[in-house]
Amino acid sequence: MSNPTPLTALYQTVVQEELGLVARIDEDGDVLFRYPDLGTMFFSLSESDPEFLRLVYPSFVDADELGLSRAQLLEVVNAVNNRCKAVKLSLQQDRGPKPGRVSASVESFVAPSDTLPAEVLLRAIVTRCVSAIRHCAGELVKDALELKQAAAG
């Protein structure tokens, strides 16, 4: 665990107090927490860009788990990205036969340049950010299952 900076301490406090979850700071200065029914998420933070918020839900599913080809999964990811607010789904660029894992993130500027975000703002949006990721991940799985059923039927 890294020593907290004002930026990491701010996010750690907001996660713990607003979401009621234990949050820890890793060696990269990210704030990690386990969200019930989803798993590990983290705020990817940079001291040189404190105004940029990135909440990541990493590697939560892959094409094999969904029973899709990589091309089919890319089609589903694109459709969900076009439909869902705030969240960006991305597919890792794996080499070899493994089709890659999907990650979700919410990214936004939440303060003026070189300024810490206001705690009141982070408290007001953290639950919605997690909710948006939960929704988008659910839409991905739903669309993937519908595509798979349509191809089978």
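Numbering starts at 1 and runs along the sequence shown.
- In this structure, the side chain of Asp114 does not engage the main chain of Pro50 through any donor-acceptor pair within 3.5 Å.
- Between the side chain of Ser103 and the main chain of Ser59, a donor-acceptor pair closer than 3.5 Å is present.
- Connection of Phe52 to Val126 is not established within any shared hydrophobic cluster, with ILVMFWY side chains joined at heavy-atom distances below 4.5 Å, either directly or through further cluster members.
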- Query: Yes or no on side chain to side chain contact (heavy atoms under 4.5 Å, CB included) for Leu53 and Leu122, after CA distance, side-chain angles and deciding distance?
  - Reply: CA-CA 9 Å; Leu53 174 148; Leu122 290 181; 3.9 Å; yes
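- Without hydrogens or angle criteria, Gln12 side chain to Ala23 main chain gives a donor-acceptor distance under 3.5 Å.
- Across every non-hydrogen atom of Tyr35 and Met41, the tightest pair is CB-SD, 3.9 Å.
- Residues Val31 and Thr8 share a closest heavy-atom pair of CG2-O, 3.7 Å.
- Atom CD of Glu119 sits about 5.5 Å away from atom CG of Leu10, to the nearest 0.5 Å.
- Of all heavy-atom pairs spanning Val106 and Cys129, the tightest one is CG2-O, 3.8 Å.
- Within the 4.5 Å cutoff, no side-chain heavy atoms of Ser46 are placed close to those of Leu7.
- Scanning all heavy atoms of the two residues, the minimum distance from Cys84 to His135 falls at SG-CD2, 3.8 Å.
- Nearest heavy atoms, Thr40 versus Tyr57: O-CD1, 3.6 Å.
- Formation of a donor-acceptor pair under 3.5 Å by the Gln149 side chain with backbone atoms of Glu146 is not found in this model.
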- Decide side chain to side chain contact (heavy atoms under 4.5 Å, CB included) for Arg54 and Lys88; before the verdict, give the C-alpha distance in whole Å, the side-chain angles of both, and the deciding distance to 0.1 Å. CA-CA 10 Å; Arg54 179 184 292 130; Lys88 174 172 66 176; over 6 Å; no
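- A side-chain donor-acceptor contact under 3.5 Å links Asn82 to the backbone of Asn78.
- To the nearest 0.5 Å, atoms CG (Leu55) and CZ (Phe33) are separated by 5.0 Å.
- Atom CZ in Arg83 sits 9.5 Å away from atom CG in Leu140 (nearest 0.5 Å).
- One finds the OG atom of Ser113 at 8.0 Å from the CG atom of Asp49 (value rounded to the nearest 0.5 Å).
- Within the 4.5 Å cutoff, side-chain heavy atoms of Val110 are placed close to those of Ile125.
- One hydrophobic cluster, built from ILVMFWY side chains closer than 4.5 Å, holds both Leu145 and Val76.
- Hydrophobic clustering of Ile, Leu, Val, Met, Phe, Trp and Tyr side chains at less than 4.5 Å, counting indirect connections, keeps Leu121 apart from Phe109.
- To the nearest 0.5 angstrom, Leu89 atom CG is 11.0 Å from Leu74 atom CG.
- For the atom pair CD of Glu65 and CZ of Phe60, the computed distance is 10.0 Å after rounding to the nearest 0.5 Å.
- Note on Val77 and Val141: same hydrophobic cluster, where clusters join Ile, Leu, Val, Met, Phe, Trp and Tyr whose side-chain heavy atoms are under 4.5 Å apart, directly or indirectly.
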- Task: Would you please test Lys148 and Leu68 for side chain to side chain contact (heavy atoms under 4.5 Å, CB included) and show each step?
- Result: CA-CA 7 Å; Lys148 185 177 169 183; Leu68 301 178; 4.2 Å; yes
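- One N or O on the side chain of Asp62 and one on the backbone of Asp64 form a donor-acceptor pair closer than 3.5 Å.
- Scanning all heavy atoms of the two residues, the minimum distance from Thr13 to Arg123 falls at CG2-NH2, 3.8 Å.
- Distance alone, capped at 3.5 Å, is enough to place a donor-acceptor pair between the Asp26 side chain and the Asp28 backbone.
- There is no path of hydrophobic side-chain contacts, each under 4.5 Å, that joins Val15 to Leu32.
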- From CA spacing to verdict: side chain to side chain contact (heavy atoms under 4.5 Å, CB included), Val80, Lys142: CA-CA 10 Å; Val80 174; Lys142 179 181 75 69; over 6 Å; no
